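Have a look at the structure below before the remarks.
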Amino acid sequence: EVELAEAVPLYSFGSMNLWHWTLESLPKLLALEDAGYTGQYIIPAPGWSDPQSVIRQSLDMFGIDQGRLLSSGPIYRVKRRILPQRLSGFQLKENMPLCEYLRGRLLGAAGTLHGAKRLYIRRIGRRKVINEDQVLALLEKFGFSVMTPEEHGQKEQWRAMTNVECSVMPHGANSTLTLLQKPRSGAVELFSNQYVSYNNMHAVRLLKLRYVPMAEELDA
């Protein structure tokens with residue numbers, strides 16, 4: 001057993017995923033930091049998807065000392081345990097002040113780019129666009145560039161979105177990045193007709209995005 005003076009557990013379901021972490025855990029942590037909390041956070045232990053790469057990069061953006069991060073797994077005896085209110089990422093579309101707060105803090109941490117660009121965000125692994133070469137050839141005619149998030153650090157990914165006037169991307173955690181697009185910009189999200197989930201309506205409402213979901217038949 002490990003004895004701690006105080007700690008906040010931040011390893012809710014899916015917290016190794018950029019969407020779940022950013023929308024469900026990060027707002028709590030930022031609010032605690034603003035309130036003067038200086039204790040430790042318990043985050044998921046490394047696993048098959050290396051969840052701490054998402055979490056640790058995120059916290060590094062905000063200057064959180066890595067020494068304040070503990071991995072889940074051991075038994076902790078905590079004298080003062082802080083349990084923030086449960087938050088679902090889907091709830092943010094009904095809470096514009098919190099959504100605006102999160103966007104502001106991310107912009108402050110990531111920095112902003114000038115100008116305007118159109119961006120296709122490539123997805124690797126599963127849930128990919130089968131005819132992506134054809135899609136990219138078409139988008140190139142309209143001035144789109146391509147970003148593969150896995151080739152960039154998280155701070156760089158967020159900053160890359162700040163001058164985007166139109167984005168196109170397959171559905172997935174990467175679509176979380178739309179929160180830092182330019183207000184009233186465009187966003188096209190590509191779905192399989194077997195799974196359509198509007199996870200980013202908070203960004204659509206806050207930024208008044210011209211949002212176009214497109215569903216296509218799944219190629220098994």
Side-chain angles (χ1 to χ4, degrees), residues 8-35 37 41-44 47 49-64 69 72 82-110 112 119 121 123 127 147 149-150 152-162 164 167 169-183 185 187-191 195-209 211 213:
V8 178
L10 288 177
Y11 49 90
S12 58
F13 171 78
S15 56
M16 70 289 293
N17 172 280
L18 181 65
W19 186 88
H20 284 284
W21 167 257
T22 301
L23 303 185
E24 298 176 343
S25 294
L26 185 58
K28 302 174 187 178
L29 180 141
L30 293 176
L32 284 165
E33 292 293 302
D34 284 351
Y37 177 71
Y41 297 101
I42 303 173
I43 61 175
S49 60
D50 190 16
Q52 298 203 41
S53 65
V54 169
I55 297 171
R56 289 185 183 275
Q57 283 192 60
S58 177
L59 299 189
D60 188 55
M61 284 176 54
F62 293 97
I64 306 298
L69 308 181
S72 62
I82 300 173
L83 296 175
Q85 181 178 347
R86 180 179 175 84
L87 175 66
S88 163
F90 291 100
Q91 289 177 295
L92 282 189
K93 70 178 185 294
E94 308 298 337
N95 193 331
M96 289 297 97
L98 181 57
C99 187
E100 188 171 18
Y101 166 75
L102 177 60
R103 172 180 160 84
R105 291 299 307 271
L106 284 165
L107 283 171
T112 57
L119 188 65
I121 299 181
R123 181 180 174 88
R127 203 186 295 149
M147 180 176 76
E150 288 77 8
H152 306 275
Q154 193 176 134
K155 183 176 182 178
E156 188 179 356
Q157 294 175 39
W158 284 114
R159 186 170 57 244
M161 300 301 294
T162 59
V164 169
S167 66
M169 67 192 77
H171 172 72
N174 294 336
S175 61
T176 314
L177 299 171
T178 55
L179 182 57
L180 291 201
Q181 284 191 205
K182 298 174 69 170
S185 56
V188 179
E189 190 168 9
L190 310 177
F191 293 93
Y195 181 74
V196 177
S197 179
Y198 302 122
N199 289 28
N200 296 296
M201 297 310 294
H202 59 286
V204 173
R205 290 188 61 183
L206 178 68
L207 302 176
K208 297 179 171 58
L209 298 179
Y211 175 63

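Here the structure is a predicted model, which means the values were calculated and not measured.
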* Kindly write out the residues that satisfy ring-ring contact (aromatic ring centres under 6.0 Å, His included) with Tyr211, not counting sequence neighbours, or none if the list is empty. => none

* Asked: Taking only residues at least two apart or on different chains, which pairs with a member in residues 195-209 satisfy salt bridge (Lys or Arg N to Asp or Glu O under 4.0 Å)?
  -> Glu94-Arg205

* With sequence neighbours excluded, what pairs up with Phe62 under the ring-ring contact (aromatic ring centres under 6.0 Å, His included) test? -> none

* So do Leu83 and Pro9 actually touch side chain to side chain, heavy atoms under 4.5 Å? -> yes

* Asked: If you take all heavy atoms of Pro44 and Ile55, which pair is closest and at what distance?
  -> CD-CD1, 3.4 Å

* Run the numbers on Arg105 and Asp34 for salt bridge (Lys or Arg N to Asp or Glu O under 4.0 Å), then give the verdict. => CA-CA 11 Å; Arg105 291 299 307 271; Asp34 284 351; 2.9 Å; yes

* **Flag side-chain contact, heavy atom, 4.5 Å: Leu26 against Leu106** => yes

* Interatomic spacing from NZ in Lys93 to SG in Cys99 - rounded to 0.5 Å -> 11.5 Å

* Tell me, with the steps shown, if His202 and Leu206 meet side-chain contact (heavy atoms from CB on, under 4.5 Å). => CA-CA 6 Å; His202 59 286; Leu206 178 68; over 6 Å; no

* Could you check if a side-chain atom of Lys182 sits within less than 4.5 angstrom of a side-chain atom of Val164, using non-hydrogen atoms only? => no

* **Partner set under side chain to side chain donor-acceptor pair (under 3.5 Å) for Ser167, not counting sequence neighbours** => Gln181

* Asked: Could you state the interatomic distance from CG (Leu119) to OG1 (Thr178), rounded to the nearest 0.5 Å?
  -> 12.0 Å

* To do: Search all heavy atoms of Ala110 against all heavy atoms of Arg159 and return the closest pair with its distance.
  => O-NH1, 3.1 Å

* Smallest separation among heavy atoms of Leu10 and Leu29, with atom names -> CD1-CD1, 3.7 Å

* **Contacts of type side chain to side chain donor-acceptor pair (under 3.5 Å), residue Ser58, not counting sequence neighbours** => Trp21

* **Non-hydrogen side-chain atoms of Thr22 and Trp158 separated by less than 4.5 Å** => yes

* Asked: More than 12 foreign heavy atoms under 6.0 Å from CD of Glu100: is that the case here?
  -> no

* **Leu23 CG to Leu102 CG distance, which is reported to the nearest 0.5 Å** => 6.5 Å

* Given Glu189 and His171, is the side chain to side chain donor-acceptor pair (under 3.5 Å) satisfied, shown in steps? -> CA-CA 6 Å; Glu189 190 168 9; His171 172 72; 2.7 Å; yes

* Quick one: closest heavy-atom pair of His152 and Glu156, and the distance? => ND1-OE2, 3.0 Å

* Asked: Under a 4.5 Å cut-off applied to non-hydrogen side-chain atoms, are Ile121 and Leu177 in contact?
  -> yes

* Qualifying residues under ring-ring contact (aromatic ring centres under 6.0 Å, His included), relative to Tyr101, sequence neighbours excluded -> none

* Does the side chain of Pro84 reach to within under 4.5 Å of the side chain of Leu32, using non-hydrogen atoms? -> yes

* CG-CG distance between Leu87 and Leu92, expressed to the nearest 0.5 angstrom -> 5.5 Å

* Asked: Do the side chain of Asn17 and the main chain of His20 share a donor and acceptor less than 3.5 angstrom apart?
  -> yes

* Out of curiosity, Ile64 CD1 to Arg56 CZ, how far, rounded to the nearest 0.5 Å? -> 12.5 Å

* Any donor-acceptor pair under 3.5 Å linking the side chain of Gln154 with the backbone of Gln57? -> no

* Checking side-chain contact (heavy atoms from CB on, under 4.5 Å) for the pair Met169/Arg123: CA distance, chi angles, key distance, verdict? -> CA-CA 8 Å; Met169 67 192 77; Arg123 181 180 174 88; over 6 Å; no

* Test item: Val196 and Tyr198 side chains (from C-beta on) under 4.5 Å apart, heavy atoms -> yes

* Asked: Do Arg103 and Leu180 come close enough that some side-chain heavy atom pair is under 4.5 Å?
  -> yes

* Closest contact, heavy atoms only, Gln91 versus Arg86 -> OE1-O, 4.0 Å

* **Closest contact, heavy atoms only, Trp19 versus Asn199** => NE1-O, 3.1 Å

* How long is the gap from NZ on Lys28 to OH on Tyr37, to the nearest 0.5 Å? -> 13.5 Å

